[in-house]
Protein chains: 2
Amino acid sequence: MEKYHHSTRILVALDCIVFGFDGEALKLLLVKRNFEPEKGKWSLMGGFLEENEDLEVATNRILYDLTGLKDIYFEEIQTFGKVNRDPVERTLSVCFFALINIHAHDQDAVKAQNAFWINIENKPNLIFDHNEMVNVALERLRYKAALHPIGFELLPEKFTIPQLQKLYEAIYQIPLDRRNFSRKILSTNLLIDTGEKNQQSATKKAILYRLDKEKYQNKFNAFHYFISDSMR
Amino acid sequence: MEKYHHSTRILVALDCIVFGFDGEALKLLLVKRNFEPEKGKWSLMGGFLEENEDLEVATNRILYDLTGLKDIYFEEIQTFGKVNRDPVERTLSVCFFALINIHAHDQDAVKAQNAFWINIENKPNLIFDHNEMVNVALERLRYKAALHPIGFELLPEKFTIPQLQKLYEAIYQIPLDRRNFSRKILSTNLLIDTGEKNQQSATKKAILYRLDKEKYQNKFNAFHYFISDSMR
DNA sequence: TCAAAAGTGTTGAGTGTACACCCATGT
DNA sequence: ACATGGGTGTACACTCAACACTTTTGA
């Protein structure tokens, strides 16, 4: 290990993949850059780590600037560190993804950043290594959502089981059986019947549920837990 | 987003949690520091990211310097970025864990770094935030090993099923049923019978298997795959 | 011949999957 | 009345957990 002063100090950026769900498709919040470098092209939302700022604080700052929301669910994915990943100057990028309720964000904040919600199937080409970041993020989302109940983070506070099913179908791009899905979700006991029904539906109105936040915390890891008891 | 030159450039370190298994207990390769800062105390093995070095290259360099091994299995865990985590100067730490066959490493390299294998239950107190890093790494190892066949990375090329079982028992600190474990492992079809038997055993000699590396690559994600078909 | 470790077999309980059926709503 | 979407029920197949039993080896 070298002495501290021998080593190089480098720029540290944070880049964020923001996922949303509009009821039909999985969406990404992407920035049409009106600033240099690569002005006019698409990129992820990002920023630089500041001098006296914890990494986690910087993440929250960037998410807040973009969406106007606090307490967003986010998760670090990976730190990207190829020497030439940023052509202007060597920059490390700590990359994370965030899940937000697409209806709750501050539209003015999004406009101010020149950001837009884009269907994940229509994702434009992004600058630098941002395409790879999105790929890794999507993979991680799929992995995580299969094992832990993070899907709820993308829905409004009150939601129906069919809505939740559509979300999972959008994430995995596969059809799911309505009846088995319902039973599986209800068997987690994470949902509380609000007594209300979804008035938007044209046919039978679905029950609106909300998340049991206490159980959500406790069961977060137990959701599909490991060493599946099966081996004991 | 600011202009590049407005932002601070900071030191970037890499810290590595090296896991090993001696047949009985899970072990960590820790460094008794014979250099400043915190000379005389215990820490993880680490180093600084160099000027024209990809992050991944730096990881391999650090692992090679410590163990004399190449092509080690490793995985990034998290980047630690609290402002005051390093009292000498602000330093970001990209943290990862590695799994190695404890019998294959270069003992001279380890000695040169003043590193020692320590039972995970006897882990001494470590400097800075290295204790937290070990906690996160162990959690991640447990998570990952339950879903993917990474345990093999800790064993010699040829190994027996009882050895593999002891490894899992060491990782999770729980007893496993011999008969069910054996069937479960064999049902993955990842093991190839070498025709040889473990000569060390005092009683009945167990069959030595080796990993089917091709299937290992293909099945890595399928091992315990998601959206467990159960929902289709 | 006996103890200890390794390998194979079996069974009941529980879970998941693929269905069928019924209910509520607006046109 | 009927089409559409939401909610509940059921049977079969499969998997897992908890066992018993047999085989191999060295002392």
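For the numbers below, each heavy atom of this structure counts, side chains included, while hydrogens, waters and symmetry mates do not. Naming convention: chains lettered A, B, ... in sequence-line order (proteins, then strands); numbering from 1 in each chain.
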Whether the side chain of [X] and the base of [N] hold a donor-acceptor pair under 3.5 Å is what I'd like checked.
| X | N | value |
| --- | --- | --- |
| B/R179 | D/dA20 | yes |
| B/K204 | D/dT23 | yes |
| A/R178 | D/dG6 | yes |

*Do the charged groups of B/K82 and B/D129 touch, with an N to O distance under 4.0 Å?*
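The answer is no: the pair does not qualify as a salt bridge.
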*Would B/Y143 and A/H148 count as a close aromatic pair, with their ring centres under 6.0 Å?*
yes
*Give a yes or no on whether the ring-centroid distance for B/F152 and B/F159 is below 6.0 angstrom.*
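Centroid separation for B/F152 and B/F159: below 6.0 Å.
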*asked:* For A/K197 and A/R183, find the nucleotide of DNA chain C closest to each by heavy atoms; which residue's nucleotide sits nearer the 5' end?
replied: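 Looking at DNA chain C, the more 5' nearest nucleotide goes with A/R183.
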Grab the [atom1]-[atom2] distance between [X] and [N] for me, whole Å please.
| X | N | atom1 | atom2 | value |
| --- | --- | --- | --- | --- |
| A/K184 | C/dA18 | NZ | C1' | 15 Å |
| A/D177 | D/dT10 | CG | C1' | 14 Å |
| B/I161 | C/dA6 | CD1 | P | 11 Å |
| A/L186 | C/dG16 | CG | P | 14 Å |
| B/Q199 | D/dG26 | CD | C1' | 13 Å |
| A/N198 | C/dA24 | CG | P | 17 Å |
| B/D193 | C/dA6 | CG | C1' | 13 Å |
| A/F159 | D/dG6 | CZ | C1' | 16 Å |

_Looking at A/K205, I'd like to know whether one of its side-chain N or O atoms comes within less than 4.0 Å of OP1 or OP2 on D/dG7._
no
*Identify whether any heavy atom of B/I207 sits under 4.0 Å from a base atom; if not, whether one sits that close to sugar-phosphate; answer base, sugar-phosphate or nothing.*
sugar-phosphate
_From C-beta outward on A/A206, which listed nucleotide comes closest to its side chain: D/dA18, C/dT25, D/dG7?_
D/dG7
*A/E153 versus A/N101: any side-chain heavy-atom pair under 4.5 Å?*
no
*asked:* Return the CG to CD distance between B/D177 and B/Q165, rounded to the nearest 0.5 Å.
replied: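 Separation between the atoms: 7.5 Å.
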